[in-house]
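Quick notes on the structure that follows.
Everything quoted here is computed from the prediction, not taken from an experiment. Order of the sequence lines fixes the chain letters, A, B, ..., with proteins taken first and strands second; residue numbering starts at 1 for each chain. Values below: every heavy atom of this structure, side chains too, minus hydrogens, waters and symmetry copies.
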Number of protein chains: 2
Amino acid sequence: MQTHFTIDCVIYSFNEGKLQVLLTERNEYPYKDWWALPGFFVDKSEEMEGAVKRILYEHTGLKDIFMEQLGAFAGVKRHPQGRILTVAFSTIVKYEDVKSKIKPTTSYMRQARWFPIDALPELAFDHNQIIQQSLQKLKYTINYSTAVYEFLPEKFTLTQLQQVYEAILGKELDKRNFRKKIANDGFLKELQEVQKGVSYRAARLYKFDKRKFQKHIGVA
Amino acid sequence: MQTHFTIDCVIYSFNEGKLQVLLTERNEYPYKDWWALPGFFVDKSEEMEGAVKRILYEHTGLKDIFMEQLGAFAGVKRHPQGRILTVAFSTIVKYEDVKSKIKPTTSYMRQARWFPIDALPELAFDHNQIIQQSLQKLKYTINYSTAVYEFLPEKFTLTQLQQVYEAILGKELDKRNFRKKIANDGFLKELQEVQKGVSYRAARLYKFDKRKFQKHIGVA
DNA sequence: AATATAGTGTGTATTTTTTACACTATTAAA
DNA sequence: TTTAATAGTGTAAAAAATACACACTATATT
C-alpha cells in the first residue's frame with residue numbers, strides 16, 4: 001500500500017556542439033558501478049520541489065535551479081527491490097557556469113559527468129527510457145519555451161543559438177531562415193557589442209528579453 | 001520514506017455541446033460528501049497501468065479504456081492525512097457508449113456524474129487544479145492527437161466534429177475554414193451514408209481513418 | 001401544396017508563413 | 001597581401017491560414 005518514492009533528474013547542457021546529459025556513477029547496490037540519472041529517495045513530509053532541490057545538490061553540487069516535471073515512472077520491475085516510484089524532472093544549465101561546480105556531495109555516487117545524448121551508455125533502471133521521453137518533450141516544446149536560452153550565456157551570437165536548436169532537433173537549419181524567424185519573433189535584444197578573441201569576423205551579441213517573450217507567447 | 005500512492009482519473013466526454021468531466025461523490029472521510037475525481041490507492045506490487053484500469057472500473061464502472069498520464073502531484077498538504085502522492089491520468093469516452101454503464105462498484109463513492117467543465121463544483125484535494133492542468137494539455141495537443149475522435153461515435157458529421165473542437169478550445173471556428181483544414185489533413189473517410197431522423201437536410205457521415213492519421217503525423 | 005425551419009455544403013481573394021537558395025563582408029593569422 | 005574562417009544579408013515561390021455569404025435540402029407545420 002505504500003511505496004518508496006524517488007526523484008530522478010535529467011540535466012541538459014550544450015557543449016562541443018552537442019546536447020549533453022549529466023549522469024552519475026553509482027557507488028551503491030543495486031546497479032553499483034552503473035551510470036544513472038542523478039536521483040534519490042524523497043523524505044517523508046518533504047515537499048517534492050524541496051526534495052528535487054536537495055537531491056540535485058547532493059548528487060551534482062548544483063543549486064538554485066528550476067526543474068520541470070516530466071512524469072511518474074512506477075513499473076513494479078523497474079527496480080530490483082520491488083516497485084519504487086520515481087518522478088522525473090528535467091532542467092537545463094549553462095555548461096560553462098556549472099563546469100567547476102559539479103561534484104556529488106554524497107558517497108552514494110562516485111562521480112558525475114556529462115555524456116553527449118547521442119552516445120549514452122546503458123543506464124541503471126529505466127533511465128534510458130526516461131531520457132528519451134524527456135528529449136521528445138524538449139523537441140516538441142522548443143518553440144514555445146525559454147529552453148534554448150537556458151543553454152546559453154547571457155550574451156550569445158545567433159550562430160550559437162542556431163547550434164543549440166540544431167543539437168536539440170537533431171537536424172540542420174537554414175541560416176537565413178533561422179535568422180528571419182528569430183528576428184520575426186522579436187524577443188532578442190541586439191547589443192552594441194561583438195564577440196572577442198575570435199580569429200575571424202566577430203559576431204554581434206544578443207540577449208534574451210524575457211518580458212518580450214512573455215508578451216509574444218501571451219503570458220498566462 | 002514511504003508514501004501512499006493513488007491514481008486519479010480525469011475522464012472527458014462531450015454532451016449537449018459541452019466538454020464534460022466525470023466526478024464521483026465521496027462517501028468516506030476525508031472530504032466525505034464532496035465531489036472528486038475518480039481515484040484510489042494503488043496496491044503494493046500492482047502495476048500502475050493495472051491499477052488505473054482497476055480503479056477506473058471500481059469507481060465508474062468503465063472498462064477497457066486507455067488512459068494517458070498527466071503527471072504526479074505530491075504536495076505534502078494536498079491530503080489532510082499527510083502526503084499522498086497521486087499520479088493523474090486522463091482519457092476520453094463517448095458519452096452515448098458509457099451512458100448506461102456508469103456506476104461505481106465500490107462503496108467509497110456514492111455516485112458518479114458528468115459535470116460541464118465550465119461549471120465544476122469545488123472539488124476535494126487539489127482536483128480542480130489537476131483538471132485545469134489536464135485541460136491545458138488537451139487544448140495544446142488537439143491538432144496532433146486522436147483526442148477529438150475519441151469523443152465521437154464511429155460515424156459522425158463534420159458539424160459534430162467541429163463542435164468537439166469548439167468545446168475543447170472554448171471558442172468558435174469558421175465552418176468553411178474548418179472543413180478545408182479537415183479535408184486537407186485527409187484522414188477522414190467520407191461514407192456513402194447520411195444522418196437519419198433529422199428534421200432538416202441530413203449531413204454526410206465520416207469515419208476517422210487511423211492509418212491515414214499515422215501517415216500524416218509521421219508515426220514513431 | 002405551400003411555407004417555415006434548421007442545419008448542410010460550398011469558393012475565392014488576401015494575408016501570412018514557410019521554404020529554397022548564394023554571395024559579399026569582416027577579421028586575424030600566416 | 002593573401003588565406004582561412006565565419007558573419008551577415010534578400011528575394012521569389014509555394015504553402016497555409018484567414019475572412020467572408022449564400023443557395024440547398026429534408027422535414028414538420030399549416
* Asked: Separation of B:Q195 atom CD from C:dA6 atom P, in whole Å?
  -> 15 Å

* Asked: For A:Q163 and D:dA5, what is the distance between atoms CD and C1' respectively, to the nearest whole Å?
  -> 13 Å

* Asked: Quick one: B:K181 NZ to D:dA19 P, roughly how many Å, whole number?
  -> 16 Å

* Structure fact -> Here the gap from A:T141 atom OG1 to A:E68 atom CD, rounded to the nearest 0.5 Å, amounts to 7.0 Å

* Separation of B:E172 atom CD from D:dA19 atom P, in whole Å? -> 13 Å

* Is A:T24 reaching over with its side chain to a backbone N or O of A:A36, donor-acceptor style, under 3.5 angstrom? -> yes

* Which residue, A:Y200 or A:V194, contacts DNA chain D at a nucleotide closer to its 5' end, judged by nearest heavy atom? -> A:Y200

* Can you tell me if NZ on B:K53 sees more than 12 non-hydrogen neighbours from other groups inside 6.0 Å? -> no

* To do: Enumerate the residues from residues 142-160 of chain A whose closest heavy atom to DNA chain D is under 4.0 Å, giving them by residue number; use none for an empty result.
  => A:T159

* B:F178 six-ring face occupied by B:R176 cation (under 6.0 Å, within 45°) -> no

* Answer with yes or no whether the side chains of A:K99 and A:N15 bring together a donor and an acceptor at under 3.5 Å. => no

* Could you check how far CG of B:L161 sits from P of C:dT8, rounded to whole Å? => 12 Å

* Asked: Is there a donor and acceptor pair, one atom on the side chain of B:R201 and one on the base of D:dT25, closer than 3.5 Å?
  -> no

* Asked: Is there a side-chain contact between B:K139 and B:I142, using heavy atoms and a 4.5 Å cut-off?
  -> no

* Close aromatic pair by centroid cut-off 6.0 Å: B:F40 and B:Y108 -> yes

* To do: Anything under 30° is parallel, anything over 60° is perpendicular, the rest tilted; go ahead and classify A:Y31 against A:W34.
  => perpendicular

* **Aromatic ring pairing B:F156/B:Y149, orientation class (parallel under 30°, perpendicular over 60°, tilted between)** => tilted

Can you give me the N/O atom pairs linking the protein to nucleotides 10-18 of chain C at distances under 3.5 Å, or say none if there are none?
| unit_1 | atom_1 | unit_2 | atom_2 | d |
| --- | --- | --- | --- | --- |
| C:dT12 | O4 | B:K180 | NZ | 2.8 |

* Asked: Between D:dA19 atom P and B:F178 atom CZ, what is the distance in whole Å?
  -> 16 Å

* Structure fact -> Whole-Å distance, B:R204 CZ to D:dC24 C1', equals 14 Å

* Round to a whole Å and report the spacing from CD of B:Q162 to C1' of C:dT8. => 12 Å

